[in-house]
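Only one structure is covered here, and it is reproduced in the block below.
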Amino acid sequence: MLLSRAPKGTSDVLPSQIDYWYHTENIIKEVLQVYGYREIRTPAFEHTELFIRGIGEATDIVNKEMFTFQDRKGRNLTLRPEGTAPVVRAFLEHNMGRENPLVKLFYLGNMFRCEKPQAGRYRQFNQFGLEAIGSQSAIIDAEIIQASLAIYQKIGLANLKLIINSVGCRKCRPKYLEVLREYFGDRRELLCNDCRERYDKNPLRILDCKNEKCQLQIKNSPTIFEYLCEDCKNHFQKLRNHLETLEIEYQVNPLLVRGLDYYTKTAFEIISGELGSQNAVGGGGRYDYLVEELGGKHTPAVGFAAGIERIIATMEKQKVEIPSWKGIRVFVAAINPEDYSLALKIIKDIRENGISAEMDFLEKSLKAQMRLANKLNVSYVLIIGGEELKLQKVTLKNMANGEQEIININQIVECVK
Ligand code: HAM
């Protein structure tokens, strides 16, 4: 049983689903390159410390969800739970900011979080993400949002909502945290166990809690807008103006705080109406101190990442049409076993011309080969062998109308093209 089941929270992408993946991945690469983002591929695991420092000790990801292990020399390593900290690590390691004041990167890859699996929440999942490192301007926040929405649009998803917020900065957030502590301090007994812990570590996290008891208290909690400094207020207003110019619809939700501690100023999520409780198809925001936190000089940055499984689930629910594999076009059937190597040579010639071709690899009878060709729903069958072959000829059968013709062996590619 153990040997024939994938580990909890993981799954296989089967050939029947792969067209969704190709379609989605191709569009992501196409759109992001048009937007000037270049792909970066970082390792599947990093030093554990990178995520502790990067994502934040008080987060669920670092506290409960990391797959951490020791290598043979006792070094602590962690399967990447997200892509932003690794990208910033690579940015610093390769001194990528040296030549370009703004570095625009994207990635596609699997991420690992030891979460309680449910629909839309897995232990191994795939993300695409984009990061723009080097600008503090709200115009790049708007571009990141625009590029993300362009991907969803090109994929064909409808019914998505953009939610934005500002989570403040080092200057103004401490005051807001103080106010939140005061507010929730009187209500601690009414909060869930997790939130009581969050209260001590980072009360902002409480705003993200889905527990009904906590929701009752969160509803009337003070909002961050009253405490944002001038700089954060201006940044947020500029982002809103840019979105309006771009005619991008959005909602402001002051309770949107996101699950990673590196965010400053802009935080945003894209929600699908189709997905139930795990409804975020993507999220991101600004992280102006992360480069510094990981040892670099002050470098403002902003980014976004989206779960590909959730995108595909939305596509399936919305019945988005995708280009699918056309199947095999030509089947080469051999009358005699001694003609199999010639069949293999013929399918190679056909395939080299970009036409899909297949033959029988089980050395079955001609009748069984014709059954297989029917099952594969091919357009043409080439029958080779017998007297015809002695004359360098083969039979070409058109499977749509059943017509057969005898052609020269050196005309095969031309005829099936
Ligand atoms: P995140 O919100 O943790 O942000 O993840 C982004 C997206 O990944 C989510 O909106 C969701 O679609 C998908 N996702 C997350 N966890 C799971 C899971 N367990 N199973 C399936 N899908 C999941 C980040 O990861 C940030 N690095 C985003 C970012 C980039 N911020 C700035 N730059």
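For this chain, numbers begin at 1 and follow the sequence in order. Whatever order the structure lists them in is the order used to number ligands and atoms, beginning at 1.
Each of T299, L50, L294, T42 was checked for a side-chain contact (heavy atoms from CB on, under 4.5 Å) with V88, and the lone residue meeting it is L294.
Of all protein heavy atoms, the one lying nearest to atom 12 (O) of ligand 1 is A280 O, 2.9 Å. Ranking the protein heavy atoms by distance from atom 14 (N) of ligand 1 puts F125 CE1, 3.5 Å first. For atom 1 (P) of ligand 1, the nearest protein heavy atom (residue, atom name, distance) is R258 NH2, 3.5 Å. Nearest protein neighbour of atom 26 (C) of ligand 1, counting heavy atoms only, is Y262 OH, 3.3 Å. Summary of contacts: the protein heavy atom closest to atom 19 (N) of ligand 1 is E115 OE2, 2.5 Å. Annotation: atom 5 (O) of ligand 1 to nearest protein heavy atom, Q127 NE2, 3.2 Å. Among protein heavy atoms, atom 27 (N) of ligand 1 sits closest to E82 OE1, 2.6 Å.
Only the side chain of Y263 comes within contact range of ligand 1, with a heavy atom under 4.0 Å; no backbone atom does. With a heavy-atom cut-off of 4.0 Å, M111 does not touch ligand 1 at all.
The distance from ligand 1 to the heavy atoms of V281 drops below 4.0 Å at these ligand atoms: 10 (O), 12 (O). Per-residue contacts place G307 under 4.0 angstrom from the following atoms of ligand 1 (heavy atoms of the residue considered): 7 (C), 8 (O), 11 (C), 12 (O), 13 (C). Atom numbering of ligand 1 starts at 1 in the shown order; those under 4.0 Å from a heavy atom of E131 are 30 (C), 32 (C), 33 (N).
Below 3.5 Å of separation, one finds an N or O of R113 facing an N or O of ligand 1. Checking only distances, A305 never comes within under 3.5 Å of ligand 1, N or O to N or O.
Ring planes of H298 and Y289: tilted class, angle from 30 to 60°.
Judged by distance alone, with hydrogens and angles left aside, the side-chain atoms of R196 form a donor-acceptor pair with the main-chain N or O of L191 at under 3.5 Å.
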